[in-house]
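Numbering starts at 1 and runs along the sequence shown.
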Amino acid sequence: MTKKHFIFDFDGVLFDSARECLSLAFDAATANPARWKFAREWQCLITAPADVAEAFLRHRYLVGPPWQYSVLLKVIAEKMIPNTTESFLDLCEHLKADHEDFTLEYFAARKRQAADPVKWLQNMKTIRKSCEVFQSLGDATWILSTRDGESIRRIHNSLLGTEFPAERLLPRAGEKEKWELLVDFGREHNARPESIF
């Protein structure tokens, strides 16, 4: 009998990290207001104003890769939030060349914040039901995420109180998308595409 594997996404499935994303994006933008001109009015603030935070958390679902958080903050600052996912993605495509390097600043902000684990982890909470199922499945579980493996393990270990083995992480590799990693995983474990849900 073929062994079953259960693969969980991390952010938004096991852990609600929306406030971490807000904190990191705001930190990255305000750390360099000369580069991210939309953030100039916020540069003396430690945290995002309530209206900015509310708009960011409401529209976070629009964002794919981390550099798009700068586009989201820009449209919030300019009060020009697109009405649809398609129009936001079109705008991102138009602004990609100017915003793509925000990813490096976003991860630099995560590194700064992770230096104070207590404060960093306060921005996250477990999604209880998902985590209960995840833990009940034992060593049949894997994690697939665009997040780096080290922070996945730190969050998991701290918030769930158990060690998650590094060999069961499927972090994003280079240019590969999540679906491509799933295809690779299926090949490695002899899972036919029609057997993958």
Side-chain angles (χ1 to χ4, degrees), residues 1-18 20-22 24-25 28 56 59-73 82 84-111 114 123-124 126-127 129-131 133-157 159-160 162-197:
M1 183 174 170
T2 306
K3 180 179 178 181
K4 289 185 178 179
H5 301 279
F6 300 92
I7 302 175
F8 287 72
D9 196 4
F10 191 79
D11 295 287
V13 174
L14 294 174
F15 298 91
D16 180 353
S17 57
E20 183 213 19
C21 297
L22 167 62
L24 295 178
F56 184 99
H59 296 285
R60 176 181 177 262
Y61 74 92
L62 294 169
V63 172
W67 65 265
Q68 292 180 356
Y69 285 125
S70 62
V71 178
L72 180 57
L73 285 173
T84 66
T85 301
E86 291 74 21
S87 56
F88 179 76
L89 294 178
D90 286 345
L91 179 63
C92 286
E93 194 58 39
H94 178 69
L95 296 175
K96 185 174 183 179
D98 291 332
H99 285 256
E100 213 169 9
D101 58 339
F102 187 80
T103 293
L104 296 175
E105 299 190 44
Y106 180 87
F107 287 127
R110 177 178 285 159
K111 191 171 182 180
N123 284 319
M124 281 166 255
T126 58
I127 299 175
K129 289 290 185 185
S130 299
C131 286
V133 172
F134 179 80
Q135 289 182 300
S136 73
L137 294 169
D139 66 1
T141 57
W142 297 73
I143 290 175
L144 174 65
S145 179
T146 57
R147 184 187 281 270
D148 67 284
E150 177 57 28
S151 67
I152 287 173
R153 294 188 72 227
R154 285 181 69 186
I155 294 164
H156 178 281
N157 298 350
L159 297 187
L160 293 185
T162 56
E163 189 80 17
F164 191 77
E167 61 270 15
R168 294 210 315 270
L169 293 176
L170 301 172
R172 189 172 186 170
E175 295 300 309
K176 290 193 175 183
E177 298 293 337
K178 288 180 181 178
W179 69 267
E180 293 174 299
L181 290 173
L182 285 173
V183 169
D184 291 347
F185 183 88
R187 285 194 192 109
E188 286 173 31
H189 294 271
N190 298 316
R192 299 185 311 279
E194 60 271 22
S195 73
I196 299 173
F197 173 73

Please examine the side chains of Asp139 and Arg168, heavy atoms only from C-beta on, and report whether any two atoms are closer than 4.5 Å. yes
Is any side-chain heavy atom of Leu144 closer than 4.5 Å to a side-chain heavy atom of Phe185? no
Quick check for you: to the nearest 0.5 Å, what is the distance between Leu91 atom CG and Glu86 atom CD? 13.5 Å
Can you list everything that forms a salt bridge (charged side-chain N to carboxylate O under 4.0 Å, His left out) with Glu100? Sequence neighbours excluded, please. Lys96
Is the shortest heavy-atom distance from the side chain of Ser17 to the side chain of Arg147 under 4.5 Å? yes
Rounding to 0.5 Å, atoms CG (Leu24) and OH (Tyr106) come to a distance of 4.5 Å
Tell me every residue that passes side-chain contact (heavy atoms from CB on, under 4.5 Å) with Thr126, counting only those two or more places apart in sequence or in another chain. Phe15, Cys131, Leu159, Leu160
The reported gap from NE2 in His99 to NE2 in His94 (rounded to nearest 0.5 angstrom) is 9.5 Å
Hits for side-chain contact (heavy atoms from CB on, under 4.5 Å) against Asp90, two or more places apart or cross-chain, chain-then-number order -> none
Taking side-chain contact (heavy atoms from CB on, under 4.5 Å) as the definition, give me every residue that meets it alongside Glu163, ordered by chain and number, with sequence neighbours left out. Arg153, Asn157
Less than 6.0 angstrom separating the ring centers of His59 and Phe88, yes or no? no
Using the salt bridge (charged side-chain N to carboxylate O under 4.0 Å, His left out) criterion, which residues pair with Lys111? Sequence neighbours excluded. none
Residues in side-chain contact (heavy atoms from CB on, under 4.5 Å) contact with Phe107, at least two apart in sequence or another chain: Pro66, Thr103, Arg110
How long is the span from the CG atom in Leu169 to the CD1 atom in Ile143, to the nearest 0.5 Å? 5.5 Å
Keeping the roles fixed (side chain from Ser130, backbone from Val13), state whether a donor-acceptor pair exists under 3.5 Å. yes
CG on Leu73 to CG on Leu22, rounded to 0.5 Å: 7.5 Å
State, yes or no, whether a side-chain contact exists between Phe56 and Cys21 at a heavy-atom distance under 4.5 Å. yes
Quick one: CH2 on Trp67 to CG on Leu72, what's the gap to the nearest 0.5 Å? 12.0 Å
Minimum side-chain heavy-atom gap Phe102-Gln68 below 4.5 Å: no
Determine the interplanar angle of the Phe8 and Phe134 rings, folded into 0 to 90°, and report it as parallel if under 30°, tilted if 30 to 60°, perpendicular if over 60°. perpendicular
Check Gly12 against Ile127 and note the closest heavy-atom contact, atom names and distance. O-CD1, 3.3 Å
